[in-house]
Amino acid sequence: MEPTQYELTYIIRPDMDADAKKALVERFDAILADNGATVAESKDWSSRRFAYEIAGYREGMYHVVNFTATDDAAINEFDRLAKISSDILRHMIVKRDFASAE
């Protein structure tokens with residue numbers, strides 16, 4: 001099966017200290033890798049103010065991960081754990097489609 005490219009964006013709560021945020025990012029990158037995904041890039045995007053309040057916060061730190069996976073195991077496990085983590089306010093996983101860009 002051909003690997004599919006994905007882009008994952010998640011919002012980290014803004015009141016985390018730098019060490020805790022780094023540990024969170026490493027933990028969730030490892031979740032992807034341990035479930036068969038290959039992480040190509042994992043980087044902070046920026047801190048942004050929200051249009052509306054999310055879980056009592058008015059802003060958050062956006063983090064973007066580009067990865068490839070051959071099945072849904074990594075996506076399903078990330079989704080499951082991100083939903084129960086109080087440190088991740090929102091997340092979105094999209095399949096990257098390069099064919100339409102040509």
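All heavy atoms count here, side chains included; hydrogens, waters and symmetry mates do not.
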Check whether [X] and [Y] end up in the same hydrophobic cluster, where Ile, Leu, Val, Met, Phe, Trp and Tyr are linked by side-chain heavy atoms less than 4.5 Å apart.
X: Tyr52; Y: Ile88; value: no
X: Ile54; Y: Val64; value: yes
X: Ile84; Y: Leu24; value: yes
X: Ile31; Y: Ile93; value: yes

Exercise: identify the closest heavy-atom pair between [X] and [Y]:
X: Arg13; Y: Ser86; result: CD-O, 3.7 Å
X: Arg49; Y: Glu59; result: CA-CB, 3.9 Å
X: Gly60; Y: Phe50; result: N-CZ, 3.4 Å
X: Asp29; Y: Ser42; result: OD2-OG, 2.8 Å

Looking at residues at least two apart in the chain, or sitting in another chain, which of them share a salt bridge (charged side-chain N to carboxylate O under 4.0 Å, His left out) with [X]?
X: Glu26; value: Lys22
X: Lys95; value: none
X: Glu41; value: Lys43

Please examine the side chains of [Y] and [X], heavy atoms only from C-beta on, and report whether any two atoms are closer than 4.5 Å.
X: Ile11; Y: Trp45; answer: no
X: Asn66; Y: Gln5; answer: no
X: Lys21; Y: Asp44; answer: yes
X: Tyr10; Y: Asp87; answer: no
X: Ile12; Y: Val25; answer: yes
X: Asn35; Y: Asn76; answer: no

Under 3.5 Å, is there a donor-acceptor pair between the side chain of Ser46 and the main chain of Arg48? no

Between Asp79 (side chain only) and Ile75 (backbone N and O only), is there a donor and an acceptor less than 3.5 Å apart? no

Going from CZ on Arg96 to OG1 on Thr4, what distance comes out if it is rounded to the nearest 0.5 angstrom? 12.5 Å

Once you round to the nearest 0.5 Å, how far does CD of Glu53 lie from CG of Leu89? 10.5 Å

Side-chain cluster (under 4.5 Å, hydrophobic types only) that Val94 belongs to, other residues: Met92

What residues, two or more places apart in sequence or in another chain, satisfy ring pair (Phe, Tyr, Trp, His ring centres under 6.0 Å) together with Phe28? Phe78

Considering residues at least two apart in sequence or located in another chain, which fulfil the ring pair (Phe, Tyr, Trp, His ring centres under 6.0 Å) criterion with Tyr57? none

